[in-house]
2 protein chains.
Amino acid sequence: MSKPTTKDLARAAGVSMATVDRVLNARSGVRKATVDRVNKAIKEINFVRDMAAANLARSKEYSLVFLLPDHDDEFIDLVRESVAEANASMAHERTNLRIIRAPANDPHRIAQMLDLLSAEQIDGVAIMAPETPQVRDSIARLDAQGVAVVAFESHQPTAKSAYYVGINNEAAGRTVGQLMARFTGERQGSVLVLTETMQARDSQERRLGFDAIMSKYAPRLRVRPSMETYGDPARTAKIIKAASENLPPVVGVYLMNHNIGETMKAIKMLGASLQTVIIGHELTPQTRECLLDGSMDAVITQDVGHLVRSSIRLLRAKAARMGTVASQERIRIEIILRENMPEDT
Amino acid sequence: MSKPTTKDLARAAGVSMATVDRVLNARSGVRKATVDRVNKAIKEINFVRDMAAANLARSKEYSLVFLLPDHDDEFIDLVRESVAEANASMAHERTNLRIIRAPANDPHRIAQMLDLLSAEQIDGVAIMAPETPQVRDSIARLDAQGVAVVAFESHQPTAKSAYYVGINNEAAGRTVGQLMARFTGERQGSVLVLTETMQARDSQERRLGFDAIMSKYAPRLRVRPSMETYGDPARTAKIIKAASENLPPVVGVYLMNHNIGETMKAIKMLGASLQTVIIGHELTPQTRECLLDGSMDAVITQDVGHLVRSSIRLLRAKAARMGTVASQERIRIEIILRENMPEDT
DNA sequence: ACATTATTGAGGTGCGTACATCATATTGGA
DNA sequence: TCCAATATGATGTACGCACCTCAATAATGT
């Protein structure tokens, strides 16, 4: 016979549908013994609740919010794009998405915006923001209100209710390290590491992983201290120029910063040898172009669309008290060379 | 106001719900002018059909079938696992999955099994089988019956109704080539290519891509003709022994065959130098172990879970005449090193 | 044993759609 | 202009579940 329904469950448990309903929705007024009996029956007849029908009956719409930094870099652009795309396709599944923006370095403002969400009827929030006490407290408040929360691309380790969606940055750094070690062959020289700021936790973690592998597999190379660009093109150019004027020669560059346009321009202007191995993060129009023209050798990235969809699934599941498929939510660290670069988007 | 329903649509179009229903489900008995009027109203009020409710009302269960080769290698194992997992999680979405097996080299049997499916009430089939006239005809018959078909991991170019789900094998071969070229540094020597059989189309495509890159980026290396193992351990050992006894020294091995256990054993027995770069396909327990112990340098793979889920989504969408999110269905060519290896499964 | 209170059952309505039936309206053609 | 064919409307039931009310029953305390 086909899928058991609540009716079948009621019969199997020897109770009425009203009681089944009370148990399924964790309503009060049911003796423990009865609850157990129903749960036992659920297992016995292998009952799975039809969430589509349930949501229909509830006439419930899930509202999810993405809180993103209010500056624009190519990564954020990709996220916004993916959210918009997901929003279109999730309309069928009674889910609507919204993006709100907040200055990344203003914890109070972020917390305030999160608190404002509490007032609305929001079911879940994906938060991309640095960890601060204010944000942590706001997450706790959301959690207390039953709002699902995931930490999007940014760890919130002290907010235990916020599941982290993103890659392991230390492993990502190790991956870059391994590629750098191997792509540089037997060459000797120095390796530059560029980042927007080492304040960011992900930069620190990546650097950690990178150093570990480099010292193990490429002790012949001298990895220089991280150079911070602060997103300033002029500063970036100066830094690179200064670094390239010193010996030993630069045989590798690890770009951890996002908007690499200026950086690559500076590097190209110096006429860096083709031997210089350049590896960066995130597959964006810019890095894509650099891979194609050969100026970059590899990009370590994550599937932003997957990241977004995964967050949505997790939030929805939490909000609807459903289960998830763990393997589907694993975010992989992807290595992109020119040869395996996906064609579109 | 919230989502418009069919009732709103009926009012907006100035027709009855019955007519709306006829238009939405493309039933006959509606004048063209009326159809247009309804379609116009759909756009005006931005009506989107609630597929959850529609499927509920239809009380339709989608039955999808995976036709897989009946031999067992680790890739097939992964597929079976993923299908089982998906089946569990798709129960919520009124979809049930089934696997049937057929000998890969018996086109008649495969065609026969496909034809048998026509008798049952199947909504879609994912076919993993070599392209043959028999299979092509069966696919055409399925298509004529309104059964959705995707070509799973195996091109069916002449069956235009079967959308291909899988990676671009030529690009995969190019990717292996690029890694081989770079990982071997400046070393000189020969490169072995092992495969089960060069009969398989994917082997040919991979070899093609591999050679293109190798001749371009690593002309210093001599890529040997493909050696076929026919899945025979003894033969494999012999081949490898013979190859390693000839000069120039083997600096790289490209393993296109699936069950690499025996192959790796043979290679290890010869005490191949650590310098030998070994690259293979598919992340399985075996290759995973080889990556961890350093005996393999890289694995080019695809996310089997994603492959399966993508097939399911495509089949379901086709069966329910819905749209799909193209970007979600793109199967990426993944490069796995020890550093970015996913932890589980 | 009686009053309370805690459980449980029965039944109804609604969610947004599919689908079938029968009645009515519109249209084309002779 | 009238008939038949076709197009549309009205209505009811079903899908699997949520959620509400009211009544009936069982368990509890005193």
Peer 1: Give the rounded distance in Å between these two atoms: CG of Leu24(B) and P of dC19(C).
Peer 2: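 So the CG-P distance, Leu24(B) to dC19(C), works out to 11 Å.
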Peer 1: Which pairs count as ring pair (Phe, Tyr, Trp, His ring centres under 6.0 Å) when at least one residue sits in residues 18-55 of chain A, sequence neighbours excluded?
Peer 2: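 Matches after skipping sequence neighbours: none remain.
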Peer 1: Using the side chain to side chain donor-acceptor pair (under 3.5 Å) criterion, which residues pair with Arg101(B)? Sequence neighbours excluded.
Peer 2: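 In terms of side chain to side chain donor-acceptor pair (under 3.5 Å), with neighbours along the sequence ignored, Arg101(B) is linked to Asp72(B).
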Peer 1: Who passes ring-ring contact (aromatic ring centres under 6.0 Å, His included) against Tyr62(A), sequence neighbours left out?
Peer 2: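 In terms of ring-ring contact (aromatic ring centres under 6.0 Å, His included), with neighbours along the sequence ignored, Tyr62(A) is linked to no residue.
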Peer 1: Rounded to whole angstrom units, what separation is found between the CG atom of Asp50(A) and the P atom of dC15(C)?
Peer 2: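 The distance from CG of Asp50(A) to P of dC15(C) comes to 18 Å, rounded to the nearest Å.
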Peer 1: Go through the steps for Thr95(A) and Arg316(A) under the test side chain to side chain donor-acceptor pair (under 3.5 Å), then give the verdict.
Peer 2: CA-CA 8 Å; Thr95(A) 303; Arg316(A) 269 217 44 161; 2.9 Å; yes
Peer 1: Distance check needed: dG16(C) C1' versus Asn55(A) CG, whole Å only.
Peer 2: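 Going from CG in Asn55(A) over to C1' in dG16(C) covers 13 Å.
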Peer 1: Taking only side-chain N and O atoms of Arg49(B), does any of them lie within less than 4.0 angstrom of OP1 or OP2 on dA18(C)?
Peer 2: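 Yes, because at least one side-chain N or O of Arg49(B) sits under 4.0 Å from OP1 or OP2 of dA18(C).
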Peer 1: Grab the NZ-P distance between Lys7(B) and dT11(D) for me, whole Å please.
Peer 2: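 Spelled out: NZ on Lys7(B) to P on dT11(D) is 13 Å.
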Peer 1: Separation of Asp21(B) atom CG from dT13(D) atom P, in whole Å?
Peer 2: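 Asp21(B) atom CG is separated from dT13(D) atom P by 17 Å.
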Peer 1: Over how many whole Å does the gap from Asp8(A) atom CG to dC15(D) atom P extend?
Peer 2: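 So the two atoms are 12 Å apart, to the nearest Å.
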Peer 1: In the 5'-to-3' direction, what one-character label does each nucleotide of nucleotides 4-14 of chain C receive under the scheme B = base within less than 4.0 Å of a protein heavy atom, S = sugar-phosphate only, - = no such atom?
Peer 2: ---SBBB---B
Peer 1: For His108(B), enumerate each residue passing the ring-ring contact (aromatic ring centres under 6.0 Å, His included) test, keeping only those at least two apart in sequence or located in another chain.
Peer 2: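 Counting only residues at least two positions away or on another chain, His108(B) forms no ring-ring contact (aromatic ring centres under 6.0 Å, His included).
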Peer 1: Can you list the residues that meet the salt bridge (charged side-chain N to carboxylate O under 4.0 Å, His left out) rule with Lys43(A), with sequence neighbours excluded?
Peer 2: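 Counting only residues at least two positions away or on another chain, Lys43(A) forms no salt bridge (charged side-chain N to carboxylate O under 4.0 Å, His left out).
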Peer 1: Expressed as a whole number of angstroms, how long is the span from Asn25(B):CG to dT17(C):P?
Peer 2: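 My rounded result for the distance is 11 Å.
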Peer 1: Taking the axis from the first five pairs and the axis from the last five, what angle separates them in the helix from dA1(C)-dT30(D) to dA30(C)-dT1(D), rounded to 10 degrees?
Peer 2: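 Result, rounded to 10 degrees: 20°.
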Peer 1: Examine dG16(D): is either OP1 or OP2 under 4.0 Å from a nitrogen or oxygen in the side chain of Thr6(A)? Give yes or no.
Peer 2: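 So the side-chain polar atoms of Thr6(A) never come under 4.0 Å of the phosphate oxygens OP1 or OP2 of dG16(D).
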Peer 1: For Arg109(B), give me all partners under salt bridge (charged side-chain N to carboxylate O under 4.0 Å, His left out), at least two apart in sequence or on another chain.
Peer 2: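 Residues passing salt bridge (charged side-chain N to carboxylate O under 4.0 Å, His left out) with Arg109(B): none at all.
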Peer 1: Is it true that Lys60(A) and Asp123(A) have a side-chain N and a carboxylate O under 4.0 angstrom from each other?
Peer 2: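 The answer is yes: the pair qualifies as a salt bridge.
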Peer 1: Can you tell me the distance, in whole Å, between the CG atom of Leu9(A) and the P atom of dA18(D)?
Peer 2: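 Leu9(A) atom CG is separated from dA18(D) atom P by 11 Å.
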Peer 1: By ring-ring contact (aromatic ring centres under 6.0 Å, His included), which residues pair with Tyr163(A), not counting sequence neighbours?
Peer 2: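 Once residues adjacent in sequence are excluded, Tyr163(A) has no partner under the ring-ring contact (aromatic ring centres under 6.0 Å, His included) criterion.
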